[in-house]
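Single-structure report; data block below.
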2 protein chains.
Amino acid sequence: MDIVDRKIITLLAEDARRSLADIGNVVELSASAVNERIRRLTASGAIRRITVDADPAAFELPVIAFVWIALAPDADEGAFRSYAASQSAIAECHHVTGPWSYLAKVHVASLAEIESFLATMKQYGFLARTETIIALSSVVPGPFMPKGSVD
Amino acid sequence: MDIVDRKIITLLAEDARRSLADIGNVVELSASAVNERIRRLTASGAIRRITVDADPAAFELPVIAFVWIALAPDADEGAFRSYAASQSAIAECHHVTGPWSYLAKVHVASLAEIESFLATMKQYGFLARTETIIALSSVVPGPFMPKGSVD
DNA sequence: CCTGAAAAAATGTAGGT
DNA sequence: ACCTACATTTTTTCAGG
């Protein structure tokens with residue numbers, strides 16, 4: 001990962017459909033050299049995947065919420081993790097410092113859906129306590145990638 | 001936005017380099033029809049951009065932090081918003097319900113860098129109080145897109 | 001809004017520094 | 001590692017239903 005690799009990834013982050021020739025013009029390399037670098041960056045895992053940033057509103061998921069989670073003392077941590085990974089509503093979930101165990105970022109259709117989302121997790125026996133914060137607007141929106149629902 | 005459009009975007013979210021013919025096979029349309037749908041979805045804003053999900057570690061930004069921000073009573077809200085948008089460390093920033101005004105997700109190289117990040121915002125006169133939560137690990141990682149630094 | 005085929009463009013590969 | 005040239009694949013355009 002040299003400075004050119006970083007530049008290439010940053011250009012792709014702006015627009016991953018730029019041609020290799022275009023990118024080559026910016027970083028002063030041939031299209032093949034850029035291609036080979038992208039291949040290496042992908043193989044090494046520096047590039048995880050080429051993806052799409054979509055509008056949550058188009059998926060009728062206009063509500064972003066951050067949910068603090070304190071896991072039930074007897075909760076199966078492994079089960080919680082695979083549950084979180086499988087839920088299409090959960091865009092991110094981190095184990096965090098501070099008084100709560102996890103922080104999840106969720107995309108939902110409505111406030112009512114947050115309630116049923118929490119109720120389901122409660123039924124699974126995962127939750128001790130939660131606290132939900134709603135995003136009213138986004139100064140810096142952050143990307144949205146619809147997950148295929150794993151039902 | 002019908003069910004086919006959603007399926008196309010979801011497929012692109014998994015791997016935006018799939019060929020139109022491939023996608024067409026899945027949704028049972030010709031490559032041209034898929035192309036035309038993607039064109040429309042992009043024009044309407046349902047697709048914001050094709051981008052890359054990168055590994056923060058490759059950019060030497062292994063630390064994810066969530067910073068709760070209470071804006072100083074006399075802070076220029078507009079200035080804060082454009083500052084937040086310009087900072088490459090800030091991956092997301094939302095105006096939120098609850099006791100804090102904003103929640104920012106930041107990517108940094110080290111804990112020390114969080115300190116200087118907060119110090120800079122304090123110098124600009126934006127901050128009244130902040131609270132920082134560190135992600136210890138990520139159950140569901142969430143994508144990382146390097147922003148070009150606007151210095 | 002779709003198909004199918006032709007044209008244009010981008011990507012992947014080979015051989016030579 | 002990179003370049004140029006070429007083969008292959010993909011994307012884009014367009015006539016027609």
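Lettering follows sequence order; numbering is per chain, from 1. The analysis underlying the following values was restricted to heavy atoms, covering all of them including side chains, and did not include hydrogens, waters or symmetry mates.
- Closest to the A33(B) side chain, of the nucleotides dT3(C), dC3(D), dC1(C), is dT3(C).
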Identify all side-chain donor-acceptor contacts of residues 118-128 of chain A below 3.5 Å with residues at least two apart in sequence or on another chain.
unit_1, atom_1, unit_2, atom_2, d
T120(A), OG1, S116(A), O, 2.8

Close N or O pairs between protein and nucleotides 6-9 of chain D (under 3.5 Å):
none

Where along nucleotides 12-17 of chain C does protein come under 4.0 Å, by heavy atom, of base (B) or sugar-phosphate alone (S), with - for untouched nucleotides? BB----

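- Remark: R39(B) is not in phosphate contact with dT13(D), judged by side-chain N or O atoms under 4.0 Å from OP1 or OP2.
- Put simply, CD1 on I38(A) is 15 Å from P on dA1(D), counting in whole angstrom units.
- As rounded to whole Å, 17 Å separates atom P of dT11(D) from atom CG of D22(A).
- For R40(B) and dC1(C), the shortest distance from a side-chain N or O to OP1 or OP2 is below 4.0 Å.
- For residues 53-64 of chain A, the pairs satisfying side chain to side chain donor-acceptor pair (under 3.5 Å) are D53(A)-R48(B), E60(A)-R6(B), with sequence neighbours left out.
- Straight-line distance from the CD atom of E36(B) to the C1' atom of dG4(C): 15 Å, rounded to whole Å.
- The distance from the CG atom of L71(A) to the OG1 atom of T130(A) is 11.5 Å, given to the nearest 0.5 Å.
- Sorted by first and then second residue, the ring pair (Phe, Tyr, Trp, His ring centres under 6.0 Å) pairs involving residues 24-44 of chain A (not counting sequence neighbours) form an empty list.
- Sorted by first and then second residue, the side chain to side chain donor-acceptor pair (under 3.5 Å) pairs with a member in residues 10-26 of chain A form an empty list; sequence neighbours excluded.
- Interatomic distance, I38(B) CD1 to L12(B) CG, rounded to the nearest 0.5 Å: 4.5 Å.
- Summary of helix geometry: the two end axes of the helix from dC1(C)-dG17(D) to dT17(C)-dA1(D), each defined by five base pairs via their C1' atoms, are inclined to each other by 30° (rounded to 10°).
- Applying the salt bridge (charged side-chain N to carboxylate O under 4.0 Å, His left out) test to every pair with at least one member in residues 80-104 of chain A, sequence neighbours left out, gives these pairs: E92(A)-K105(B).
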For residues 142-150 of chain B, tabulate all N or O donor-acceptor pairs below 3.5 Å that involve a side-chain atom, not counting sequence neighbours.
unit_1, atom_1, unit_2, atom_2, d
K147(B), NZ, A85(B), O, 3.2
K147(B), NZ, Q87(B), O, 3.1
K147(B), NZ, I90(B), O, 2.9

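- Here side chain to side chain donor-acceptor pair (under 3.5 Å) pairs that include residues 30-44 of chain B, with residues two or more places apart or in two chains, are D2(B)-R37(B), D5(B)-R37(B), E36(B)-R39(B), E36(B)-R40(B).
- Nearest-nucleotide mapping onto DNA chain D: of S19(B) and L29(A), the residue sitting toward the 5' end is L29(A).
- Side chain of R49(B) to backbone of A16(A): no donor-acceptor contact under 3.5 angstrom is found.
- Listed by first and then second residue, the ring pair (Phe, Tyr, Trp, His ring centres under 6.0 Å) pairs that reach into residues 3-36 of chain B come to none, sequence neighbours excluded.
- For I8(A) and dA1(D), the CD1 to C1' distance is 12 Å, given to the nearest whole Å.
- Straight-line distance from the CZ atom of R37(B) to the C1' atom of dT12(D): 18 Å, rounded to whole Å.
- At a threshold of 4.0 angstrom between heavy atoms, the contacts of S30(A) include nucleobase atoms, whether or not backbone atoms are also involved.
- In the hydrophobic clustering, where aliphatic and aromatic side chains (Ile, Leu, Val, Met, Phe, Trp, Tyr) are joined below 4.5 Å either directly or transitively, I133(A) groups with I64(A), F66(A), W68(A), V96(A), W100(A), L103(A), I64(B), F66(B), W68(B), V96(B), W100(B), L103(B), I133(B).
- When rounded to the nearest whole Å, the span between CE of M1(A) and P of dA1(D) equals 14 Å.
- Nearest-nucleotide assignment on DNA chain D puts the 5′-proximal partner with E28(A), out of A31(B) and E28(A).
- We find that CD1 of I23(A) is positioned 11 Å from P of dA10(C), with the value rounded to whole Å.
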